[in-house]
Amino acid sequence: MERLLSFEVFPANTNDGFVKLVETVKALSELKPSFISVTCSNNNQSIEQTTIKIANYIHNELGIETIAHLPAAYLSKAQVKRVIDTLANLGIHQVLALRGDHLPNLPPLTDFSYASELITFIKEIAPDFTISGACYPEVHPDSPNRVADIKTLKLKCDAGCNRLITQLFFDNELFYEFVERCQLAEIDVPIIAGIMPIVNRKQAIRLVQTTKTKLPRKFLAILEKYEHNPQALREAGLAYAVDQIVDLLTQDVAGVHLYTMNNASVAQHIHQQTAALFQIAASFDQSFPQKH
Ligand code: FAD
């Protein structure tokens with residue numbers, strides 16, 4: 001089985017933004033990804049005009065598989081059904097089923113308290129949908145501990161989640177430990193590693209200020225040393241991401257999901273640097289069973 005390479009984009013809110021995004025997804029489609037997923041804001045009342053609009057373009061104009069993200073904490077069952085029906089009518093049968101973050105000062109609705117409840121509901125109304133779910137190698141921030149986090153992840157998979165995509169991480173060892181915990185808990189769906197190449201200062205600053213993700217010494221050194229040299233920061237950030245991906249593929253990861261931040265050139269660079277490794281993994285898999 002081929003190692004999966006997928007890309008994530010976020011939707012545009014304006015017509016100009018949409019035109020630009022179309023160019024981005026066209027360039028991404030030339031890299032023949034397994035799918036392109038489209039994020040969705042968790043209080044998005046106009047998902048048809050944002051996430052679904054570009055997902056439709058990816059699926060029906062470019063002929064590339066697409067996954068619409070669907071955070072449901074602020075959606076009712078009727079709204080979710082409408083979204084699922086719309087996607088199905090467009091020929092899109094894949095979602096990333098999410099709870100979504102709870103917004104400050106805005107209590108969530110009660111139809112979907114957890115992603116697992118959303119997955120159960122989608123399986124009821126659209127059994128042919130392939131459902132991906134989110135997972136967190138460094139533990140979801142709301143979870144009291146790793147054990148509780150893995151137990152609830154197992155519930156999510158038992159509800160019908162077909163594949164997991166991880167939160168971004170910069171330390172592969174944490175990913176491997178997480179995969180092992182999943183195996184112990186008999187979570188046996190493919191776990192796709194989420195990788196975000198850090199290629200500019202704005203991204204780096206936001207990351208350092210807000211993330212709860214472990215930033216390894218080697219990675220922090222890059223951000224610090226090349227902070228004021230855009231070209232050097234870009235090159236070092238891309239090299240770091242390529243290094244992570246080389247290691248993941250060598251360790252037989254089920255796939256890599258690139259958080260592209262709508263930057264096609266980043267995906268192109270990484271694809272160019274790692275394409276042969278994805279192919280080797282594919283031929284290796286023809287004679288050996290998939291590990292993860
Ligand atoms: P859940 O799986 O429901 O888990 C949330 C918390 O509840 C966890 O702590 C879990 O351990 C706990 N829990 C789950 N089930 C139970 C239970 N039965 N009993 C008790 N506790 C339970 N957000 C967006 O708004 N839009 C996006 O497009 C988006 N895309 C994402 C893509 C990826 C790959 C990832 C990793 C995250 C994405 N997010 C997105 C962020 C995500 O919505 C948040 O992390 C959110 O806080 C959790 O969503 P979830 O689906 O993982 O929740």
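This one's a predicted model, so the numbers in the text were calculated from it and none came from an experiment. Remember, it's 1-based here, ligands and their atoms both numbered in the order they're listed.
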Heavy-atom protein contact below 4.0 Å for atom 4 (O) of ligand 1: no
Between Lys20 and Glu23, does a salt bridge (charged side-chain N to carboxylate O under 4.0 Å, His left out) hold up when you go through it step by step? CA-CA 5 Å; Lys20 217 170 142 199; Glu23 292 311 312; over 6 Å; no
Quick check on Gly194 - does any of its heavy atoms sit under 4.0 Å from an atom of ligand 1? no
Option set Gly100, Cys40, Ala115, Ala68, criterion heavy-atom distance to atom 49 (O) of ligand 1, minimum: Gly100
Regarding atom 32 (C) of ligand 1: of the candidates Leu153, Thr152, Leu96, Asp149, which has the closest heavy atom? Leu96
Kindly give the heavy-atom pair with the smallest separation between Ile222 and Gly237, and that separation in Å. CG2-N, 4.4 Å
Counting heavy atoms only, name the option from Phe112, Tyr136, Tyr74, Tyr114 that's nearest to atom 41 (C) of ligand 1. Tyr136
Strictly by salt bridge (Lys or Arg N to Asp or Glu O under 4.0 Å), give each pair with a member in residues 221-237 just once, sequence neighbours left out. Arg201-Glu227
Taking 4.0 Å as the limit for heavy-atom contacts, which would you say applies to Lys156 with ligand 1: side chain only, backbone only, both, or neither? side chain
Within residues 17-39 or reaching into it, pairs that qualify as ring-ring contact (aromatic ring centres under 6.0 Å, His included) - sequence neighbours excluded: Phe35-His257
Could you establish whether Tyr259 and ligand 1 come within less than 4.0 Å of each other, counting only heavy atoms on the residue side? yes
Return yes if a side-chain donor-acceptor contact under 3.5 Å exists between Tyr176 and Asp247, otherwise no. yes
Is there at least one pair of N or O atoms, one from Asp101 and one from ligand 1, spaced under 3.5 Å apart? yes
Going by distance only, is there an N or O of Arg99 that falls short of 3.5 Å from an N or O of ligand 1? yes
Please classify the Ser143 to ligand 1 contact at 4.0 Å (heavy-atom distances, strictly less than): side chain, backbone, both or neither. both
Hey, does His69 come in under 3.5 Å of ligand 1, counting only N/O atoms on both sides? yes
Test Leu155 against Tyr114 for side-chain contact (heavy atoms from CB on, under 4.5 Å), laying out the working first. CA-CA 10 Å; Leu155 291 179; Tyr114 301 110; over 6 Å; no
